[in-house]
Every structure is written in C-alpha cells, then in structure tokens.
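Here is the structure we will look at.
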Amino acid sequence: MDDDGSPNERGVHRVQHDLSSDRSLSTTVTVAVADMAGVEPSDIPEQLYDVIDPEALDRLFESRDDGSPRRGGRLSFTLHGHHVTVRGDGEVAVQPGLARIKQLGGNLLVVGSVPDTVVDAASTPLLGETTRNRTRVFALHDRSVATARSRLSMAGTVGEDAHIIDYHADSRSANAESTVQVGPTVERVDGDIDDFRDEIRAVIRRLDAERGGFDPAELRFCFDTLLPLVEAHDEAMVDAFLGPICEAVKDVSGMAHYVLPIERDAPQVQAIASKFDAVVELQAGDTGPEQRWHLRETDFTTEWFDL
C-alpha cells in the first residue's frame, strides 16, 4: 500500500471518473471491477448496494455547493473479491484480493485430502519466484527434513536464503536425521510445542533484523504440517500456538502458508479458518491438480483453477 493508503501500482486497475459528467460514480466503480475480473457488469452476483450505498458514494465525491471539486478524501471497500479505493479527484483503483495477498503478504491455510505431489505443486509457488530476493523458512512438525529440501529445490533454492526448523513430538525421530547437514540451515527444536512456537517466532524476528526489515512478501514461510497439532491438542492450545506465529508473520509483512491435508469442511479446519487471510483448497482435478481460494477479507471464493 502506498503512503497515502491507496493500493500499490502492481496488479492495480486504475480508471479516472469524470466528476462533472452525468455518469454516476457507482457505475464507473462497477464497470472497473467487472473489467478487472474479466466479466460483464451484469455477471457480478454481488451488487454495489450490497456493500455500500451507491447514492451516498455519489454524494460523497460530488462537487461542492459553489461548484468547486472535492479534491481530498478517500473511500475503500470490497466488491466481488476486489479491493476498491475511490479518491476525491475521481480516481478509482481496483485490485483483486488474491493479488493483494500475494503482493503484501498474509497467512494462508492450505487444505485438501490430496497426495503429497498436489501439496508440493501448491506450496512451491507460494515459496516465491527465484527472480526476486526472498528469505524462505520451513517449519516441520513430524515431517522429514527431506520434504523441505525437496520443495525448496523445486522453488529453485537450497542455499543461505533457506532455513528449516525441525520439530518432532518424538525426539528420537529427529535424532535419526541429525547427521544430514547438506543444504539449508536446519535448526532442531527439543522440548514441547510451546518451544517449537517460540523458536519459529525467534527465527522470524532474527532474520528480519539481519535483513534490516523485510519488504512486503519478501519472507516466505511454510508450516508443514498442522495435522499432528490439531489431532493432539484442543482448540485453545491450537489457538495459543498459531496466533503468535501468524502475528509474527504479519509483523514483518511476510507471506506464510500452513498445510493441513484434510477436507475444508472438516471441523478442525472450520475451527481455525478465521485466523487466516485465505483458505487455499486443493483437489486432484480431472486434468491435473487444482486450487480455489476462499478470501476472508472480501468474503469471496474463486473458481477452481489449475495449479
């Protein structure tokens, strides 16, 4: 987001509304959102009046009584899964909610009872493209370090920009892999689940300090998997574990995804879904792996699309 609170330029559709014309500002907004979504205005199921009073919007930015324009002011709202910002000079900026999360960062819950290959296909791009400077952190809960190494390799990195935090409820499982040292830094966590949480937060803070502060979405964090956590602990314990980690990610404008390989309608998913900016649902489609995003802030669900 820019300093004035308007959306960043990347992935933003901007149009200029003529405040002196007979066309209503609400019409310009609806058409701009439809253009960004690639649909006809009549195809948007959610009407503008469902989220804001169109007449109030028109009045807010209409000329003053003496005919002079209202140059100041800004109003933001969501429509059809898009963030809309209207400025006092008539500029309308539209940004898809999905693009906004990918650009500015957030916490994503990745769900679906799918093979590991489908999870790999979804997780790898979320670790960030190699053409940009990223720092990648993997937190493993009862998973093999090889899982992280393989996925990081798919993302094009196995070097100093990658860090693995390894935790096993049974410490003997961790010790079995203690001799493997090639590749990213691996930090073993002994103790209980609280120690695991605290180590994740400490690593994120340390890396942020070393970088002099992360740019938005520069930190990419993957937690694989939440399944042992939700199976072994009650909702209060899960909340106490996830809440501080999600906040640590947001504090550095990072982008994190947490793998929970069960169906979206499972009680364990429903209990924690509200903690995340989006739930990414996976399925093994007829033509290959597919995903659809459920965006919390805009209360919008995308269509299924290829991974």
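Everything numeric here is computed off the predicted structure, so don't read it as measured data. Heavy-atom basis, side chains included; hydrogens, waters and symmetry copies ignored.
- A heavy-atom distance below 4.5 Å is not found between the side chains of D208 and D251.
- Each of L152, V145, T147 was scored for a side chain to side chain contact (heavy atoms under 4.5 Å, CB included) with R149, with one residue passing: V145.
- Under the 4.5 Å side-chain heavy-atom criterion for Ile, Leu, Val, Met, Phe, Trp and Tyr, I245 and M237 are members of the same hydrophobic cluster.
- Side-chain contact between I200 and Y167 is absent, with no heavy-atom pair separated by less than 4.5 Å.
- Salt bridge annotation for R197-D194: present, with a cationic side-chain nitrogen under 4.0 angstrom from a carboxylate oxygen.
- Heavy atoms from other residues, nucleotides or ligands lying under 6.0 Å from CD of Q16 number more than 12.
- Looking at heavy atoms from C-beta onward, V29 lies out of side-chain contact with H17 at the 4.5 angstrom threshold.
- Judged by distance alone, with hydrogens and angles left aside, the side-chain atoms of R136 form a donor-acceptor pair with the main-chain N or O of G128 at under 3.5 Å.
- Taking 4.5 Å as the limit, some side-chain heavy atom of L260 sits within range of a side-chain heavy atom of I272.
- Considering only residues two or more places apart in sequence or on other chains, F241 meets the ring pair (Phe, Tyr, Trp, His ring centres under 6.0 Å) condition with F196, F223.
- The minimum heavy-atom distance between L282 and V114, with the atom names listed, is O-CG1, 3.7 Å.
- Linking ILVMFWY residues whenever their side-chain heavy atoms come closer than 4.5 Å, directly or via other members, places L79 and L75 in the same cluster.
- V31 is not connected to V86 by any chain of hydrophobic side-chain contacts under 4.5 Å among Ile, Leu, Val, Met, Phe, Trp and Tyr, and they are in different clusters.
- Under the 3.5 Å distance criterion, the side-chain polar atoms of D277 are matched with a main-chain donor or acceptor of N107.
- Of the residues listed (R211, E210, E218), the one engaging T135 in a side-chain hydrogen bond (donor to acceptor under 3.5 Å, both in side chains) is R211, and it is the only one.
- No more than 12 heavy atoms of other residues, nucleotides or ligands lie within 6.0 Å of CG in D299, so this atom counts as exposed by the packing criterion.
- By the neighbour-count criterion of 12 heavy atoms within 6.0 Å, atom CD of Q270 is densely surrounded, having more than that number from other residues, nucleotides or ligands.
- Looking at D195, its side chain does come within 3.5 Å of a backbone N or O of D192 through a donor-acceptor pair.
- A 4.5 Å side-chain heavy-atom check between S253 and F214 finds every atom pair outside the cut-off.
- The salt bridge (charged side-chain N to carboxylate O under 4.0 Å, His left out) analysis of residues 222-234, with sequence neighbours excluded, yields the pairs R143-D224, R151-D224.
- For H294 and E281, the side-chain atoms include at least one donor-acceptor pair closer than 3.5 Å.
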